[in-house]
Amino acid sequence: RAVFERPAHPYTAELVAARAALSAPERDVPRGTSAIDAGRVALPRTFVAGCAYAPRCPLARARCGEAPPPLAELPGTPERRSACFFASEVSP
């Protein structure tokens, strides 16, 4: 439940937003506001030095392209982990 209420990775937040958009009436769904809508998908077998989601991530910064982020515990929730340098900035 916590994953859906408080996603800790930008990709998870995009998936949760897409799920919510699918259940909303068509007139309430904002288009072109996410990486999913924009169709920015990594090419198969494309090597990425850093985070594989960085080319499509709204939070990506230079650091994301340099090295993959480690899987780290989220502050205050030791049972949850995220592989994002900016997990604290992710919003549902």
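Across all their heavy atoms, Val16 and Phe4 have their closest contact at CG1-O, 3.8 Å. Of all the heavy atoms in Val90 and Pro7, the pair that sits closest is CG1-O, 3.4 Å. The heavy-atom pair separating Cys51 from Pro55 by the smallest distance is O-CD, 4.0 Å. Across every non-hydrogen atom of Ala83 and Leu71, the tightest pair is N-CD1, 3.8 Å. Pairing each heavy atom of Pro68 with each of Ala49, the nearest pair is CD-O, 3.3 Å.
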| Glu89 and Arg61: CA distance, side-chain angles, deciding distance, salt bridge (Lys or Arg N to Asp or Glu O under 4.0 Å) verdict | CA-CA 12 Å; Glu89 297 178 29; Arg61 298 183 188 128; 2.6 Å; yes
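Annotation: side chain of Tyr11 is not in contact with side chain of Cys57 (no heavy-atom distance under 4.5 Å). Contact annotation: the side chain of Tyr53 never approaches that of Cys84 to less than 4.5 Å [non-hydrogen atoms, C-beta and beyond]. Side-chain contact between Leu74 and Arg6 is absent, with no heavy-atom pair separated by less than 4.5 Å.
Applying the side chain to side chain contact (heavy atoms under 4.5 Å, CB included) rule to Glu79 yields the partners Thr77; only residues at least two apart in sequence or on another chain are considered.
Between the side chain of Ser82 and the main chain of Ala8, a donor-acceptor pair closer than 3.5 Å is present.
Distance check, rounded to the nearest 0.5 Å: CD of Glu66 to CZ of Phe85 gives 8.0 Å.
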